[in-house]
Amino acid sequence: MSDLRELYQEVILDHNRSPRNFGPLEGADLRADGHNPLCGDRLSVALKVEDGLVTDVRFEGSGCAISKASASLMTERIKGQTIDEARALFDRFHRLLTDQTAPTDDAALGKLAVFAGVRDYPARVKCAVLAWHTLRAAVDDNHELVSTE
Ligand code: ZN
């Protein structure tokens, strides 16, 4: 677990300092806005989709290091995936963070598995899942503001 925690801190710091796929996405097909009132994180996620495949995804907004790093890793991971694969990843990621019995070495999650460290800090779980809830709203074409509350 201590190795995982170190890796977790390293990954969060790196993606917070230089978030990937950050900024507006011209000509997005889908988008949604999310808010985590508990922490004050606000994110929007925008996607370009062709034949069910996510060809581009970007995020904007401001929030704590965990929410930003999670959004950054999420965009990196789902680019090039199908919408169905993105939904399946949402389920796996959500389970990793909310189910203490979920394996922390789920190979399907790859680098996202470092967020298992957040399980030990229940107040931060909402920060880590905000981008994913927002992504799901975007692919569901749901235009209501997503709230983690
Ligand atoms: Zn936060």
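Counting starts at 1 for both ligands and their atoms, in listed order.
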Nearest non-hydrogen partners of H35 and L130, listed with the distance
N-CD1, 3.5 Å

Distance (rounded to the nearest 0.5 Å) between F22 CZ and E60 CD
6.5 Å

Applied to residues 85-122, the ring pair (Phe, Tyr, Trp, His ring centres under 6.0 Å) test, sequence neighbours excluded, yields F90-H94, F90-H133, F93-F115, F93-W132, H94-H133

Main-chain N/O of H15 paired with S18 side-chain donor or acceptor, under 3.5 Å
no

Distance below 2.8 Å from the Zn ion (ligand 1): protein N/O/S atoms:
C39 SG, D41 OD1, D41 OD2, C64 SG, C127 SG

Decide, yes or no, whether a salt bridge links R124 with D41 under the criterion of side-chain N to carboxylate O below 4.0 Å.
no

Ignoring hydrogens and angles, tell me if any N or O in the side chain of R136 forms a donor-acceptor pair with the backbone of D91 under 3.5 Å.
no

